[in-house]
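In what follows, a single structure is set out as structure tokens and then discussed.
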Amino acid sequence: MINKQEVLDRFISYISIDTQSDPESENTPSTEKQWILANKLAKELEVMGMQNVSIDENAYVMATLPKNIEKETPIIGFVSHFDTSPDFNGANIKPQIIENYDGGDITLNAEKNIVLSSEYFEDLKQYEGQTIITTDGNTLLGADDKAGITEIMTAMKYLIDHPEIKHGTIKVCFTPDEEIGRGAHKFDVHKFGADWAYTMDGSQIGELEYENFNAASAKVTISGKSVHPGYAKDKMVNSMYIAQDFINSLPRLETPEHTEGRQGFFHLSNIKGDVEETILHYIIRDHDKKHFEARKKVIADLGIEICKQYESDCVNVEVKDQYRNMREKIEPMMHIVELAKEAMEEVDVKPIIKPIRGGTDGSQLSFIGLPCPNIFAGGHNFHGKYEYVPLESMIKATEVIIKIAELNAR
């Protein structure tokens, strides 16, 4: 039986450490403060009895739980990231613990009138009667992915404390900078030594994912000419108006707020400009590889077309691939998905198999030799003040890890 208080205390101890990553930094980890949690995790792994505990020069933490059976079994791994999103404040997190949740709205911050609405965020209602951990409305929570870390750490300790549960060799790894797309960039797959792994980085209870977006970024630089507005006739070229033409030329309904499931999109994530220069940052996403390539061509061709309209080289489009759909690497070995599915069913969790509308370390890991489906960690509404996680979901995720280890040893 997983100790509920132990899970809660462990989770709170991790989210109390600010580990926000920084996309502008070229270092790994991108922020020095990530080292604080990395070192803490390495120490805890040693104390609980894990073997071959290491932390490398890039803050990747690895450890091994040796097998306790004679037979040879596949070596499996579990992976989570310790950085939090740069999209919202991750410092001075003050979690609220709502026990026996009544199914209604949760006031996060009365002074600022910030409410976690069960009508707007309908998933809340399924957790009536459970213990909900929320923010105080001023920060994100950090369940993405400190819930995953909590679950892996708790599961390893449980297996060490209960040698009657037979298992093969298990590897764990905690990574920096997943939130800025670099979590697997310096992951040493050979050193890790697993046949396959699972990222504990999904959302609601039951999620099991083995396909994700193909992803690219696009930087659109638009050049204008700044002239004194009183003497600007036939001379000024306002880059912001050209940017408006560019934005309006992309399909308005193919954006995140209008798409779901396997539907792809163009997302204008940032805009900064003045008369002389405007820069647009887009992310391009699609599950289908052909559609993905077509989207990249659309945005590149649009830059050329706008230049023709203005009869100048006023638009420059830079498109960079970010990650690919891991489905092509997972499908040839679907038994690893079936193992996770069976484990969920064994602990009374209904599997929800669906594509990830986002990215995961598992995608990049799958393409560098470590097939890696994604399992729920339990959190909701990541990257903002409305983030929350049910304690019972973290406990179930911990049970799933333990059951996977047990089933793998059959």
Side-chain angles (χ1 to χ4, degrees), residues 20-27 30-31 84-91 109 111-114 120 137-140 179-182 213 215-259 263-286 291-322 358-359 383-386:
Q20 192 175 49
S21 47
D22 178 10
E24 301 302 319
S25 170
E26 297 298 324
N27 299 323
S30 62
T31 52
T84 59
S85 172
D87 293 346
F88 203 75
N89 178 26
N109 192 305
E111 182 180 345
K112 296 181 179 180
N113 194 30
I114 300 172
Y120 193 84
N138 293 310
T139 67
L140 48 67
E179 295 293 359
I180 56 175
R182 305 182 206 158
F213 279 136
S217 64
K219 180 183 179 182
V220 183
T221 304
I222 300 164
S223 302
K225 292 180 180 178
S226 182
V227 179
H228 188 290
Y231 305 93
K233 189 175 189 313
D234 299 327
K235 295 182 177 64
M236 178 187 285
V237 178
N238 192 323
S239 73
M240 292 181 285
Y241 291 145
I242 302 175
Q244 187 175 22
D245 289 343
F246 189 98
I247 293 167
N248 291 339
S249 296
L250 289 171
R252 182 64 185 88
L253 296 182
E254 294 183 22
T255 55
E257 62 268 36
H258 295 289
T259 53
Q263 297 171 333
F265 57 74
F266 303 95
H267 175 47
L268 177 61
S269 59
N270 184 270
I271 179 170
K272 182 179 181 180
D274 52 28
V275 173
E276 188 75 17
E277 183 180 79
T278 298
I279 297 177
L280 312 175
H281 289 278
Y282 280 90
I283 63 172
I284 304 165
R285 301 289 189 265
D286 211 297
H291 292 170
F292 174 62
E293 294 299 328
R295 287 187 185 280
K296 291 193 292 182
K297 188 173 188 303
V298 164
I299 207 163
D301 288 350
L302 178 56
I304 297 171
E305 181 60 31
I306 297 287
C307 287
K308 289 180 180 178
Q309 291 178 20
Y310 283 87
E311 299 180 343
S312 72
D313 294 329
C314 57
V315 179
N316 180 61
V317 179
E318 300 175 72
V319 177
K320 294 182 179 179
D321 285 334
Q322 294 174 309
H383 300 185
K385 59 192 172 189
Y386 298 108

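For reference, positions follow the sequence shown, starting with 1. Quantities reported herein were computed from a predicted structural model and do not represent experimental measurements.
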Donor-acceptor pairs are to be reported for all side-chain atoms of residues 231-243 against protein atoms at under 3.5 Å, with residues two or more places apart or in another chain.
from: Asn238; atom 1: OD1; to: Met240; atom 2: N; distance (Å): 2.9
from: Ser239; atom 1: OG; to: Asp274; atom 2: O; distance (Å): 2.6
from: Ser239; atom 1: OG; to: Val275; atom 2: O; distance (Å): 3.1
from: Ser239; atom 1: OG; to: Glu277; atom 2: N; distance (Å): 3.4
from: Ser239; atom 1: OG; to: Thr278; atom 2: N; distance (Å): 3.2
from: Ser239; atom 1: OG; to: Thr278; atom 2: OG1; distance (Å): 2.8

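- No side-chain heavy atom of Ser217 sits under 4.5 Å from any side-chain heavy atom of Val319.
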Pair Leu140-Tyr386, side-chain contact (heavy atoms from CB on, under 4.5 Å): steps then yes or no: CA-CA 7 Å; Leu140 48 67; Tyr386 298 108; over 6 Å; no
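- If you take CD1 on Ile180 and CD on Gln20, they are separated by 10.5 Å, rounding to the nearest 0.5 Å.
- For Thr259, the side-chain hydrogen bond (donor to acceptor under 3.5 Å, both in side chains) partners two or more places apart in sequence, or in a different chain, are Arg357.
- The minimum heavy-atom distance linking Arg182 with Pro23 is given by the pair NH2-O, 3.1 Å.
- Of all non-hydrogen atoms in Pro251 and Thr255, the two that sit nearest each other are O-CG2, 4.2 Å.
- Distance alone, capped at 3.5 Å, is enough to place a donor-acceptor pair between the Ser269 side chain and the His281 backbone.
- Of the possible polar contacts, one joining the Asn109 side chain to the Lys112 backbone as a donor-acceptor pair under 3.5 Å is found.
- Pairing each heavy atom of Ile284 with each of Phe292, the nearest pair is O-CE1, 3.9 Å.
- Side chains of His383 and Glu179: a donor on one and an acceptor on the other come within 3.5 Å.
- Other residues, nucleotides and ligands contribute only 12 or fewer heavy atoms inside 6.0 Å of the CG atom of Asp313.
- Looking at Ile279 and Val220, their side chains never come closer than 4.5 Å, going by heavy atoms from C-beta outward.
- For residues 293-308, every residue pair satisfying the salt bridge (Lys or Arg N to Asp or Glu O under 4.0 Å) rule, not counting sequence neighbours, is listed here: Glu254-Arg295, Asp286-Arg295, Glu293-Lys296, Lys296-Asp321, Lys297-Asp301.
- A distance of 13.0 Å separates CD1 of Ile222 from CD of Glu276, quoted to the nearest 0.5 Å.
- No side-chain heavy atom of Thr139 sits less than 4.5 Å from a side-chain heavy atom of Lys385.
- You'll find the side chain of Ile304 stays beyond 4.5 Å of the side chain of Ile306, heavy atoms only.
- The salt bridge (Lys or Arg N to Asp or Glu O under 4.0 Å) pairs that include a residue from residues 236-253 are Arg252-Glu257, where partners are two or more places apart or lie in different chains.
- Here side-chain hydrogen bond (donor to acceptor under 3.5 Å, both in side chains) pairs that include residues 219-229, with residues two or more places apart or in two chains, number zero.
- Ser21 has its side chain out of reach of Thr84: every pair of non-hydrogen atoms, C-beta onward, lies at least 4.5 Å apart.
- Partners of Asp87 under the side-chain hydrogen bond (donor to acceptor under 3.5 Å, both in side chains) rule, at least two apart in sequence or in another chain, are Ser85.
- Summarising the local packing, NE2 of His291 is surrounded by 12 or fewer heavy atoms from other residues, nucleotides or ligands at distances under 6.0 Å.
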With side-chain contact (heavy atoms from CB on, under 4.5 Å) as the test, would you mind laying out the steps for Phe246 and Tyr282 before giving the verdict? CA-CA 12 Å; Phe246 189 98; Tyr282 280 90; 3.8 Å; yes
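- Annotation: side chain of Leu302 is in contact with side chain of Leu250 (closest heavy-atom distance under 4.5 Å).
- Side-chain N or O atoms of Arg285 include none that pairs as donor or acceptor with a backbone N or O of Pro256 at under 3.5 Å.
- When all heavy atoms of Gly137 and Ile114 are compared, the pair lying nearest together is O-CD1, 3.4 Å.
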